[in-house]
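These notes are about the structure you will find just below.
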Amino acid sequence: MSEVTATRTKVLNYIDGSWVESKATEWRDVLNPATGETIGQTPLTTAAEVDAAVETAATAFRAWRRTPPEDRIQPLFKLKQLLEDHVDELGRIITLENGKTFAEGKAELRRAIENVEVACGIPMMMQGYNLEDVARGLDEMMIRQPLGVVAAITPSNFPGMIPFWFLPYAIATGNTFILKPSERVPLTMQRIFELLEQTGLPKGVVTLLNGGKAAVDALLDHPKIRAISFVGSTPVAKYVYARAGATGKRAQCQGGAKNHVIVLPDADMKMATQIISDSAFGCAGQRCLAVSVAVTIGEAQKSFRDSITEAAASLRVGNGLEEGVQMGPLITPQSKSRVESLIGVGEKEGAKVLLDGRNARIPKHDSGNFVKPTILDGVNASSELADTEIFGPVLSLVHARDMDEAMAFLERSPYGNQASLFTSSGAAARRFRYEAPAGNIGINIGVAAPMAYFPFSGWKDSFFGDMHGQGRDSVEFYTDKKVVIERWVEQHARKF
Ligand code: NAD
């Protein structure tokens with residue numbers, strides 16, 4: 001067990017290089033989703049505390065922006081090694097507070113580390129460009145400068161990875177960075193900020209503020225915060241985007257999802273089954289890239305329905321820290337009841353429950369939030385369930401006559417985070433890549449999660465903004481462009 005949860009029940013804030021206990025009067029219990037045990041308490045940090053923390057980050061920005069990029073990335077090299085050295089410890093904390101399996105916890109840390117590695121290339125990525133003699137004796141250049149204090153608000157489903165879509169790029173480009181993690185899973189970042197403390201970053205360059213809506217609102221309204229990154233559900237993403245815009249901030253807000261996969265009869269059915277099963281039920285379906293609806297065409301209807309039901313039924317559900325467990329619980333008891341009631345909605349709307357994960361009983365885990373893999377067959381395209389993000393281990397099956405009808409399903413969806421196709425036809429794959437209305441496309445891929453050097457895209461109600469997280473987009477997002485025109489020759493081309 002990590003030192004964090006063993007020795008500190010109260011989650012602390014990290015402000016101006018020091019760990020401080022919030023003066024909040026309201027605290028939220030952090031619960032282990034597999035056991036229901038309380039493993040920590042998150043303060044709902046007040047607006048006044050947020051305001052004071054932003055001031056320290058603004059002060060730190062003055063020196064940090066003058067620190068050469070080469071020096072700014074040295075702490076990131078150290079951070080990479082520290083994260084590598086603590087992958088097992090951090091993976092356990094992720095499982096304890098989020099519920100996903102230990103292997104899934106460690107896997108998300110790989111992507112976190114990859115983002116640190118990519119941000120170490122900032123001295124190259126942040127370069128501008130120039131042209132001599134835009135007129136006789138006049139040179140023009142574009143340089144990039146950091147914005148100032150920037151903040152990120154992150155969700156409960158990837159406590160270790162998602163903050164790293166932002167943190168390494170923000171500080172490498174010379175900004176000072178504030179993180180507000182999900183109040184449900186604050187412990188992973190508590191430990192990671194202890195590691196950040198060991199990297200030699202000057203005080204105030206990174207700040208950790210724990211809390212809920214009041215802390216978010218204070219960040220959104222603070223005039224010294226220049227940019228906001230948000231990842232979470234669509235209603236909150238829309239709210240954050242609008243409120244950040246009202247105070248003139250740059251904002252990138254990633255929202256919810258309802259991801260479709262089309263299975264053609266020429267697909268390798270064994271591979272498709274394994275990969276789609278992992279996508280739909282991995283992390284108990286609590287992934288913004290989880291496949292939620294499988295659209296089968298022609299003969300794929302029967303073969304895929306049979307094989308996916310068998311694969312889903314064979315998954316071992318339990319406490320993610322136990323050897324051999326393949327799927328953990330949902331994040332909260334409320335999520336469990338919501339998912340179970342949505343299965344009921346599907347049933348009422350005419351879908352057949354081929355595999356029913358409701359009322360799951362896991363030995364010695366009566367207080368865990370478990371829902372087992374569930375498969376609904378024949379979900380109606382115009383039903384409530386067809387458009388609702390379930391965010392649980394539920395796969396809906398629908399059947400389409402042909403590719404046109406299947407693509408119409410995707411077109412109708414309010415979300416556009418990911419769409420996948422399983423086929424052995426290059427022509428079908430090309431059409432899909434060309435036409436599918438989503439920001440992340442998988443061809444024979446179940447979770448089309450972009451590597452750190454590609455943007456994490458998202459369309460429609462899955463993203464509000466224009467510059468995405470990760471890779472080159474991060475550099476665009478975290479810097480302002482400045483164009484400079486210079487004249488240093490004595491002989492003027494222009495007559496005055
Ligand atoms: P959530 O929207 O409940 O919370 C996200 C963050 O917003 C948290 O830090 C929370 O404290 C804050 N928040 C919640 N309500 C707020 C309010 N009313 N005002 C201000 N701030 C508020 O999301 P969650 O349940 O933690 O995460 C799951 C959701 O995130 C799913 O919808 C999932 O699809 C989405 N998600 C999207 C992506 C993506 O890349 N598009 C990635 C991961 C998760």
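Atoms within each ligand, like the ligands themselves, are counted from 1 in listed order.
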(message) Let's go through Gln326 and Thr101 carefully: what are the C-alpha distance in whole Å and the side-chain angles of both, what is the deciding distance for side-chain hydrogen bond (donor to acceptor under 3.5 Å, both in side chains) to 0.1 Å, and is it a yes or a no?
(response) CA-CA 7 Å; Gln326 293 162 298; Thr101 66; over 6 Å; no

Can you pull out the closest protein heavy atom to [atom]? Residue, atom name and distance to 0.1 Å, please.
atom                    : answer
atom 3 (O) of ligand 1  : Ser233 OG, 4.2 Å
atom 10 (C) of ligand 1 : Glu183 OE1, 3.5 Å
atom 25 (O) of ligand 1 : Arg184 NH1, 3.2 Å
atom 16 (C) of ligand 1 : Val236 CG1, 3.6 Å
atom 35 (C) of ligand 1 : Gly232 O, 3.1 Å
atom 18 (N) of ligand 1 : Lys213 CD, 3.7 Å

Minimum heavy-atom distance between Gln470 and Met451, given as atom pair plus value:
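Scanning both residues, the minimum pair turns out to be NE2-O, 3.0 Å.
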
Minimum heavy-atom distance Ala419-Leu410, with the two atoms named =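 Closest approach of Ala419 to Leu410, heavy atoms only: CB-CD2, 3.7 Å.
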
Option nearest [atom] (shortest heavy-atom distance, choices [options]):
atom                    : options                : answer
atom 37 (C) of ligand 1 : Ser156, Gly255, Pro155 : Gly255
atom 5 (C) of ligand 1  : Val231, Asn417, Leu289 : Val231
atom 21 (N) of ligand 1 : Ile153, Ile331, Val216 : Val216
atom 6 (C) of ligand 1  : Thr154, Asn440, Leu44  : Thr154

With heavy atoms of [X] as the reference, note each atom of ligand 1 found under 4.0 Å away.
X      : value
Asn157 : 43 (C), 44 (C)
Gly256 : 32 (O), 34 (O)
Ser182 : 9 (O)
Ile162 : 42 (C), 43 (C)
Lys180 : 8 (C), 9 (O), 10 (C), 11 (O)

query = Taking side chain as C-beta onward, heavy atoms only, is Pro163 less than 4.5 Å from Phe177?
reply =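 Sidechains of Phe177 and Pro163: no contact.
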
Heavy-atom side-chain contact between Glu389 and Ser462 under 4.5 Å
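They are not in side-chain contact.
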
Nearest 0.5 Å, what's the CZ-CG distance between Phe304 and Leu395?
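Nearest 0.5 Å value for the CZ-CG distance: 6.0 Å.
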
If you measure from OH on Tyr14 to CD1 on Ile178, what distance do you get to the nearest 0.5 Å?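 Atom-to-atom, Tyr14:OH and Ile178:CD1 are 13.5 Å apart.
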
I need the contact type for Glu389 against ligand 1. Using non-hydrogen atoms and a strict under-4.0 Å cut-off, is it side chain, backbone, both or neither?
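Side chain only.
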
Phe456 and ligand 1 - part of the residue with a heavy-atom distance under 4.0 Å |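 The answer is the side chain.
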
With a 4.0 Å cut-off on heavy atoms, does Phe230 reach ligand 1?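 Phe230: in contact with ligand 1 (<4.0 Å).
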
Report yes or no: does a heavy atom of Val240 sit under 4.0 Å from some atom of ligand 1?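 No heavy atom of Val240 comes that close to ligand 1.
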
side-chain contact (heavy atoms from CB on, under 4.5 Å) between Val291 and His260, intermediate numbers included: CA-CA 6 Å; Val291 162; His260 295 75; over 6 Å; no

Any N or O on [X] sitting closer than 3.5 Å to an N or O of ligand 1?
X      : answer
Phe391 : no
Thr234 : no
Trp165 : no

**Within 45° cone and under 6.0 Å: Arg243 NZ/CZ vs Tyr239 ring** =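 Because its charged atom misses either the 6.0 Å distance or the 45° angle limit, Arg243 does not stack over Tyr239.
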
Strictly by modelled atom types, are [X] and [Y] linked by a side-chain donor-acceptor pair under 3.5 Å?
X      : Y      : answer
Ser335 : Thr332 : yes
Asn380 : Ser382 : yes
Thr45  : Asn13  : yes
Glu340 : Ser337 : no

Checklist line | Heavy atom of protein closer than 4.0 angstrom to atom 41 (N) of ligand 1 | finding: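 True for atom 41 (N) of ligand 1.
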
Could you walk me through whether Gln41 and Thr9 pass side-chain hydrogen bond (donor to acceptor under 3.5 Å, both in side chains), step by step?
-> CA-CA 6 Å; Gln41 284 183 308; Thr9 49; 4.9 Å; no

